[in-house]
Amino acid sequence: MTARSYLLAIATSTLLFLNPPRAMAGGNICGSDQVFPPASQATGSNSFQNPACLPGGHLAYTVWIYGYNGNQNPDAERADIYSLNPANLSEPPVFIGSRNPPINRRVNNVGHIAVGNKIAYACYSNNICVSDLKGGSLVVSDFPGGEGGFEEPVFDSSGTYVAFEWTKSESSDGESGKADICVVPANSLKGRKCANLDGLNAQPDWSPASGSPWVVFQRKDSKGWNLYKIPVQSGVPQKAQMKQITKNGNSTDASWTPDGKKIVYSCDGKICLLDPESGSSSRVATRGGQYFGAVSMCGDGYIYYETGVGDDKTPTAICRTKAP
């Protein structure tokens, strides 16, 4: 089960009658909170996903042309990354990198994917890439084929290391399998060091606070999906110091706030803001469909998220809400 289908399963029973399924993305999904596509624009099967903060106040996102995550369409293996300026939505979005195959430029993570002028993303079918924000100076990992999937890359605050998810095996519903949290030097993408965690561990996000060792991620435990954090020292995840920070069994899609003090995440199909030290959590007001995922809080004081209605194949739009 994908994070979206899991959250939809929670939300559908109470919200479906308020939000009848839409066949396509586009249109007015979240009113004045809608960032892209414009509420007046018909987008067909295009799905706008994975908002992620960029330096200079810009926002990166992924466009899949066959519905959510490409709808497992073999012709939709490549998804393009764009960036836009949320402070001036009249400016047209711009490409990050090339449209040309075989590069699969996916921002399949939330949170802090860029430091300085560098961006990290999943690419070349199950590898990690680092390039500048124009797609140049490309560095590609050399992970052997057949080892599984490598995705959700994020930088540490200095841009020295990249943490990522290594999915070794996964059931068709996404609820069992083996996925670890690993770290690799950003300048070479070689010599990965992993936490060697059992079960499913996914969607890491490294705190942007200067020098912070903490990576938050979601882990499937006996109660469901909960958030954990693990420190990284000299490029090595420290399993013995891993800490659990939520216990409700429905916490996913986590990313740090820009100051590294709090965490925004999907909770019960909504959005919550968490203090990982005290454990206190509060619900954030949102407008949109019955699903709120891929949550990122940027330096402009807004929380960005993907949202939609219908099943987990229906395209989504990108919306925002003011952080409390």
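Bear in mind the structure is a predicted one, so any value in this text is a computation, not a measurement.
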Minimum-distance pair of heavy atoms, taken over all atoms of [X] and [Y]:
X	Y	answer
His58	Pro86	CA-CD, 4.1 Å
Ile303	Pro324	CD1-CD, 4.5 Å
Ile29	Ala317	CD1-CB, 3.9 Å
Pro208	Trp256	CD-CB, 3.5 Å
Leu189	Ile128	CD1-O, 3.3 Å

Between [X] and [Y], do the side chains contain an N or O donor and an N or O acceptor separated by less than 3.5 Å?
X	Y	value
Tyr228	Asp221	yes
Tyr265	Ser281	yes
Ser280	Asp275	no

Flag, side chain of [X] to backbone of [Y], donor-acceptor distance under 3.5 Å:
X	Y	value
Asp205	Ser255	no
Asn201	Ala179	yes
Lys220	Ala202	no
Ser296	Tyr304	no
Lys118	Gly159	yes

Residues which pass side chain to side chain donor-acceptor pair (under 3.5 Å) with [X], listed by chain and number, not counting sequence neighbours:
X	result
Asp33	Arg287
Asp259	Thr257
Thr321	none

Just verifying a value: how many Å separate [X] [atom1] and [Y] [atom2], rounded to the nearest 0.5 Å?
X	Y	atom1	atom2	answer
Leu59	Ser83	CG	OG	8.5 Å
Trp225	Gln203	CH2	CD	8.0 Å
Leu54	Ile113	CG	CD1	5.5 Å
Glu306	Tyr291	CD	OH	3.5 Å
Thr252	Phe217	OG1	CZ	14.0 Å
Ile181	Asn196	CD1	CG	11.5 Å

Quiz item: Applying the 4.5 Å side-chain criterion to the ILVMFWY set and letting contacts propagate, would Val94 and Leu89 be lumped into a single cluster?
Solution: no

Quiz item: Applying the 4.5 Å side-chain criterion to the ILVMFWY set and letting contacts propagate, would Phe155 and Val236 be lumped into a single cluster?
Solution: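 No; Val236 is not reachable from Phe155 via cluster members.
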
Quiz item: Out of Leu273, Asp268, Ile271, which residue meets the side-chain contact (heavy atoms from CB on, under 4.5 Å) rule with Arg283?
Solution: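 Output: one option passes, namely Asp268.
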
Quiz item: Among Thr246, Leu227, Asn226, which residue meets the side-chain contact (heavy atoms from CB on, under 4.5 Å) test with Gln218?
Solution: Leu227

Self-check item: Partner set under side-chain contact (heavy atoms from CB on, under 4.5 Å) for Asn187, not counting sequence neighbours
Solution: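 Applying side-chain contact (heavy atoms from CB on, under 4.5 Å) to Asn187 gives Pro185.
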
Quiz item: Quick one: salt bridge (Lys or Arg N to Asp or Glu O under 4.0 Å) partners of Lys229, sequence neighbours excluded?
Solution: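 Expected list: Glu277.
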
Quiz item: Residues two or more places apart in sequence or in another chain: which of them pass salt bridge (Lys or Arg N to Asp or Glu O under 4.0 Å) with Arg219?
Solution: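 Partners of Arg219 under the salt bridge (Lys or Arg N to Asp or Glu O under 4.0 Å) test: Asp198.
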
Self-check item: Listed once per pair and sorted, the salt bridge (Lys or Arg N to Asp or Glu O under 4.0 Å) pairs that draw on residues 314-324, sequence neighbours left out
Solution: none

Side-chain donor-acceptor distances from residues 209-216 under 3.5 Å, at least two apart:
from	atom 1	to	atom 2	distance (Å)
Ser212	OG	Trp214	N	3.3

Can you name the residues that form a ring-ring contact (aromatic ring centres under 6.0 Å, His included) with [X], not counting sequence neighbours?
X	result
Phe164	Phe143
Trp166	Phe150
Phe36	Phe48, Tyr61

Quiz prompt | Contact list for residues 197-244, test disulfide bond (SG atoms under 2.5 Å apart), sequence neighbours left out | solution =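 Qualifying pairs, neighbours excluded: none.
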
